[in-house]
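Step one of this worksheet: look at the structure below.
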Amino acid sequence: MSDFFYRVHFYLFGLLAIASAITFITRKGPVAAALWLVNTMFCLAAIYVMMDAHFIGAIQVLVYAGAIMVVFLFVLMLLNLGHPDEISDIRGKWGRIAAAFIGLAVLAQVMALARSQAPEELLVPAATAAAELRDLNAVGSIAKPMFTEHLLAFELTSVLLLVAIVGAVVLGKRRATA
């Protein structure tokens with residue numbers, strides 16, 4: 001009974017995530033699309049929690065559905081794109097064919113990766129991972145390598161996001177016409 005309940009909800013959240021993602025990419029209005037992306041992230045967080053990855057589920061909601069989407073909506077409002085009908089649509093016949101081709105190529109890669117084994121040097125022994133998780137908890141086992149071994153990449157990512165936001169504001173700034 002419990003296994004059936006788990007499976008039904010797992011597939012339900014999976015289908016909702018896929019439907020929300022499809023709706024996200026088919027919306028013309030950027031704000032509506034962003035809200036569908038938030039729904040996708042909430043569904044992914046539910047799937048993470050169902051997989052006993054509670055910390056990742058909480059981070060998914062706090063960071064992605066919360067902070068990043070708020071910044072994204074803030075930039076969209078700064079750009080003031082106007083009415084969705086005024087936005088030029090580059091999705092013509094050839095754009096759709098190219099998108100379908102790229103989507104099939106990405107799907108083939110995902111399926112090939114799902115069937116392959118990870119290299120030995122990337123795998124952490126189960127005993128080591130369990131000991132690290134016991135000593136540092138879930139937060140510490142993620143935070144320690146991020147702020148020690150990968151600090152430069154973390155800071156460069158922060159600067160890159162800041163530059164992207166400033167660039168979006170500069171590009172979105174309209175010149176006053178006299």
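Numbers for residues simply follow the sequence, beginning at 1. Values below: every heavy atom of this structure, side chains too, minus hydrogens, waters and symmetry copies. What you see is a predicted model; the values in this text were computed from it and never measured.
Phe55 CZ: more than 12 foreign heavy atoms inside a 6.0 Å radius. Summarising the local packing, CE of Met146 is surrounded by more than 12 heavy atoms from other residues, nucleotides or ligands at distances under 6.0 Å.
Closest non-hydrogen pair, Gln60 versus Ala45, comes out as CG-CB, 3.7 Å. Of all non-hydrogen atoms in Met50 and Phe13, the two that sit nearest each other are SD-CD1, 3.8 Å. Contact between Cys43 and Leu16 at its shortest, heavy atoms only, is SG-CB, 3.6 Å. When all heavy atoms are compared, the tightest approach of Met41 to Ala65 is SD-N, 3.7 Å.
Going from atom OG1 of Thr26 over to atom CH2 of Trp36 covers 9.0 Å, rounded to the nearest 0.5 Å. Rounded to the nearest 0.5 Å, atoms CG (Leu37) and CE (Met69) are 4.5 Å apart. The CD1 atom of Ile68 lies 11.5 Å from the CG atom of Leu62; values are rounded to the nearest 0.5 Å. Here Leu12 contributes atom CG and Ile47 contributes atom CD1; the two are 9.5 Å apart, rounded to the nearest 0.5 Å. One distance of note links CD1 of Ile142 with NZ of Lys144; it measures 14.0 Å at 0.5 Å rounding. Here CG of Leu161 is found 7.0 Å from OG1 of Thr157. Values are rounded to the nearest 0.5 Å.
Following chains of ILVMFWY side-chain contacts shorter than 4.5 Å, one can reach Val31 starting from Phe42, so the two form part of one hydrophobic cluster. Grouping the Ile, Leu, Val, Met, Phe, Trp and Tyr side chains by contacts below 4.5 angstrom, directly or via other members, places Val49 apart from Val61. Note on Val110: it clusters hydrophobically with Ile102, by side-chain heavy-atom contacts below 4.5 Å among ILVMFWY residues. There is no path of hydrophobic side-chain contacts, each under 4.5 Å, that joins Ile25 to Ile18.
You'll find the side chain of Phe10 reaches within 4.5 Å of the side chain of Met51, heavy atoms only.
Under the ring-ring contact (aromatic ring centres under 6.0 Å, His included) rule, His9 has a single partner from Tyr6, Phe5, Tyr11, which is Phe5. Looking at Asn39, Leu44, Leu35 one by one, the single match for side-chain contact (heavy atoms from CB on, under 4.5 Å) with Ser20 turns out to be Asn39.
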